[in-house]
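Working notes, beginning with the structure itself.
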Amino acid sequence: MRPSPFTLRFPPADVPHWAARYDTPGDAAIADELAPAARARGHLTHDELLALGRWKSPRIGPRLAANDPGYVEAVTAAALATPSERLRLAVLTLLSGVGWPMASVILHWCHADPYPILDFRALWSLGLDPLPPYDFPLWQAYTDHCRALAAAARVSMRELDRALWQYSKENQ
């Protein structure tokens, strides 16, 4: 087994501290309304995809808007239903405007399994600088590491994601 390329830049016990400092508008609406509805339905609607895009990066909005609503539903249904980790990511990137980071946002909020958000800030907080190219081996190692870290710190994936992002914002 290969050693992990990730090293958290702060003590795991500090995850709640950094997560509490995170304040990004829109989290509550996604967590309380959009995500549970998409999980229950088994796919995203076009409007929900646009809302997640606005939350992640408003500049991708026009590309996300170019997707046909039926295609959004079919692609996200396939991604949320397949047991294949690799296929989940690959299918989502078929959508216009969806690369690895946006695909991770969809899985983070809408999949039943815990997924981290692939973001330069989170990767920096885990010791990656410069950033490697995004590929499936990196994604799988990152996901596995974040799942183990969240369990060890006894926090949700959402709380870990907020902590990683906020630590980078304040220290990078």
Side-chain angles (χ1 to χ4, degrees), residues 1-24 26-32 34-36 38-39 44 48-49 51-57 60 76 79-93 95 97-172:
M1 186 169 174
R2 262 176 32 201
S4 173
F6 306 105
T7 304
L8 186 63
R9 293 180 188 258
F10 58 90
D14 290 352
V15 168
H17 164 77
W18 290 107
R21 296 176 62 80
Y22 175 95
D23 183 28
T24 296
D27 273 25
I30 293 171
D32 297 340
L34 188 154
R39 278 193 300 274
L44 283 171
E48 290 167 340
L49 178 66
L52 288 176
R54 280 190 301 275
W55 178 85
K56 174 64 175 151
S57 176
I60 64 172
T76 59
L80 297 177
T82 183
S84 169
E85 289 282 349
R86 187 175 214 135
L87 187 58
R88 287 175 187 166
L89 263 291
V91 166
L92 288 170
T93 62
L95 293 167
V98 177
W100 289 84
M102 186 60 198
S104 73
V105 166
I106 294 167
L107 292 175
H108 178 79
W109 287 109
C110 301
H111 201 276
D113 294 336
Y115 280 97
I117 294 175
L118 187 63
D119 182 87
F120 77 93
R121 290 194 182 281
L123 291 172
W124 183 87
S125 292
L126 289 172
L128 292 188
D129 187 26
L131 292 177
Y134 294 156
D135 61 13
F136 186 75
L138 173 70
W139 165 254
Q140 192 62 68
Y142 174 65
T143 298
D144 292 344
H145 185 82
C146 286
R147 286 174 176 166
L149 182 56
R154 297 182 182 180
V155 297
S156 69
M157 188 62 76
R158 184 74 207 118
E159 191 170 4
L160 177 62
D161 179 74
R162 291 189 328 247
L164 295 174
W165 194 93
Q166 190 64 38
Y167 183 81
S168 167
K169 183 178 182 203
E170 293 186 33
N171 294 282
Q172 188 171 4

Any donor-acceptor N/O pair, R147 side chain to P114 backbone, under 3.5 Å: yes
Approximate separation, where rounding is to 0.5 Å, of D14 CG and L8 CG: 8.5 Å
Shortest non-hydrogen contact between S104 and L118, atoms and distance: OG-N, 2.8 Å
Nearest non-hydrogen partners of P16 and P12, listed with the distance: CD-O, 4.3 Å
All side chain to side chain donor-acceptor pair (under 3.5 Å) counterparts of T7, not counting sequence neighbours: none
side-chain contact (heavy atoms from CB on, under 4.5 Å) assessment of M157 paired with C146: CA-CA 8 Å; M157 188 62 76; C146 286; 4.0 Å; yes
W55 vs T24 side-chain heavy atoms within contact, under 4.5 Å: yes
Salt bridge (charged side-chain N to carboxylate O under 4.0 Å, His left out) partners for R121, two or more places apart: none
With A38 via side-chain contact (heavy atoms from CB on, under 4.5 Å) - residues at least two apart: R41, L44, E48, C110
Under the side chain to side chain donor-acceptor pair (under 3.5 Å) test, residues paired with E159 that sit two or more places apart: none
Sequence neighbours excluded - side chain to side chain donor-acceptor pair (under 3.5 Å) pairs with any residue from residues 133-144: Q140-D144
Sequence neighbours excluded, every pair satisfying salt bridge (Lys or Arg N to Asp or Glu O under 4.0 Å) that has a member inside residues 97-120: K56-D119, R88-D113
Over all atoms of both residues, closest heavy-atom pair of D27 and W109: O-CH2, 4.0 Å
Which residues share a side-chain contact (heavy atoms from CB on, under 4.5 Å) with L128, sequence neighbours left out: P5, F6, L123, P132, L138
Results of ring-ring contact (aromatic ring centres under 6.0 Å, His included) for H108 - residues two or more places apart only: none
Contact summary for V98 and A103, nearest pair of heavy atoms: CG1-N, 3.6 Å
All pairs passing salt bridge (Lys or Arg N to Asp or Glu O under 4.0 Å) where residues 161-171 contributes a residue, at least two apart: R21-E170, R158-D161
Plane angle bin for W100 and F136 - parallel if under 30°, tilted between 30 and 60°, otherwise perpendicular: tilted
Residues forming a side-chain contact (heavy atoms from CB on, under 4.5 Å) with D129, sequence neighbours excluded: R9, W124
Stepwise side-chain contact (heavy atoms from CB on, under 4.5 Å) check, V91 with T82: CA-CA 10 Å; V91 166; T82 183; 5.9 Å; no
Residues forming a side chain to side chain donor-acceptor pair (under 3.5 Å) with R154, sequence neighbours excluded: none
Any side-chain heavy-atom pair of I117 and L164 under 4.5 Å: no
L52 and M102: CA distance, side-chain angles, deciding distance, side-chain contact (heavy atoms from CB on, under 4.5 Å) verdict: CA-CA 8 Å; L52 288 176; M102 186 60 198; 3.6 Å; yes
Contact summary for S168 and S125, nearest pair of heavy atoms: N-OG, 3.3 Å
Set of residues satisfying ring-ring contact (aromatic ring centres under 6.0 Å, His included) with respect to H17, sequence neighbours excluded: none
Heavy-atom side-chain proximity of I106 to L49 below 4.5 angstrom: yes
